[in-house]
Engineer: 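Here you go, one structure.
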Amino acid sequence: MQRRKFLKNSTIGTAGLISTPLMASCQDQKKAKSAATGASEPIRPLAICTWDFHNASAEAWAVLKDGGSSLDAVERGVRVEEADVDNQTVGIGGRPDRDGKVTLDACIMDKDGNCGAVLCMQNIAHPISVARKVMEETPHVMLAGKGAEQFAYEKGFGKVDLLTEKSKQEWIEWKKTSQYEPIINIENHDTIGMLAIDRNGDISGACTTSGMGYKMAGRVGDSPIIGAGLFVDNEVGGATATGVGEEVVRTVGSFLIVELMRQGKSPQEACEEGVKRIIAKNKEKQDFQIGFIAVNKKGETGGYCIHPGFTFRTYTEQGHVNNLSDSYIKP
Ligand code: ASP
């Protein structure tokens, strides 16, 4: 819903950044300095996230601007959406599976390639923080289902009923037809994937979702799968995804995009190639949405999707911008 509200109320830039006048002067100074030295200065700090999750990117920026780490920034940023009961695609308030159970997926990855994930976890409001604890306090990368929930309780997370009245009523209504047809750009898939670069130039990423609305019990998509929904390599950059997770898993989308950047593609070119690989595997059927975003070590960003309508937020010293992603299928 947030994204729709935004489309009505705000100005969207085309892919790339639009500076506010105040920030432009600061950036112009930087550019002048770069031109003088012949070196292009990396843009940092920086936060980028899927969709118009402006409160989340603002929270990440609050961490980054004060010199906080990219890991803290992405965790704190995506927690904003996990806590938002009106967001029906992430955290509490998320749409349930077809049996009426809200199951959450999340993963996090740091500058050293450490990662943690929770899959299909119920009753815990902040899966991203549990994923971070998996990364930092266990010898494992992924915990699933009851094991993840048990681990969360052991780490002090409280038990929370994640099914809000609104999501429950919609699910009851859905059961009348039980048609499982994710609609492009309609809010049954709006994962938040976030990447950040801190003042040290270190990159981290986080991704969290309630998954596809009315999915089969036990279904897990791309979002908590390192390499699919999220990948970070601090030498190169990071990428994250939203949309029909099965297709992102099939192409290991985020890892692919980071590897393409390693080979010299810009974040934009790499996202475009990531989408094209998915299209190549779906020549007969393209009625689904995928959106990728990426950032490289220089702080250059990119985003690309299959169908028009995907947006992504960027926050740098130049400003806080909602970018309309270019799409494979043209408007
Ligand atoms: N990628 C998510 C999934 O497949 C859905 C989304 O982007 O909201 O679970």
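Numbering of ligands and ligand atoms starts at 1, following listing order. In this chain, residues are counted from 1 in sequence order. Scope of the values below: all heavy atoms of this structure, side chains included, with no hydrogens, waters or symmetry mates.
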Engineer: Are R262 and E259 ion-paired here, with the side-chain N under 4.0 Å from a carboxylate O?
Structural biologist: yes
Engineer: State yes or no: are the ring centers of F312 and W51 separated by less than 6.0 Å?
Structural biologist: no
Engineer: What I want to find out is whether R95 reaches E170 closely enough, with some N-O distance under 4.0 Å, to be called a salt bridge.
Structural biologist: yes
Engineer: Below 4.0 angstrom from a heavy atom of G211, which ligand 1 atoms are there? Numbered from 1 as shown, please.
Structural biologist: 9 (O)
Engineer: Taking 4.0 Å as the limit for heavy-atom contacts, which would you say applies to D190 with ligand 1: side chain only, backbone only, both, or neither?
Structural biologist: backbone
Engineer: Which of these, Q289, K215, E247, R219, has its nearest heavy atom closest to atom 4 (O) of ligand 1?
Structural biologist: R219
Engineer: Taking the basic N atoms (NZ, or NE/NH1/NH2) and the acidic carboxylate oxygens, is any pair closer than 4.0 Å for E246 and R219?
Structural biologist: yes
Engineer: For E246 and ligand 1, does the shortest N/O to N/O distance drop below 3.5 Å?
Structural biologist: no
Engineer: Backbone N or O of D202 within a donor-acceptor pair of the S70 side chain at under 3.5 Å?
Structural biologist: yes
Engineer: Test your reading of the structure: does G243 have an N or O sitting under 3.5 Å from an N or O of ligand 1?
Structural biologist: yes
Engineer: Does an N or O from D222, backbone or side chain, lie closer than 3.5 Å to an N or O of ligand 1?
Structural biologist: yes
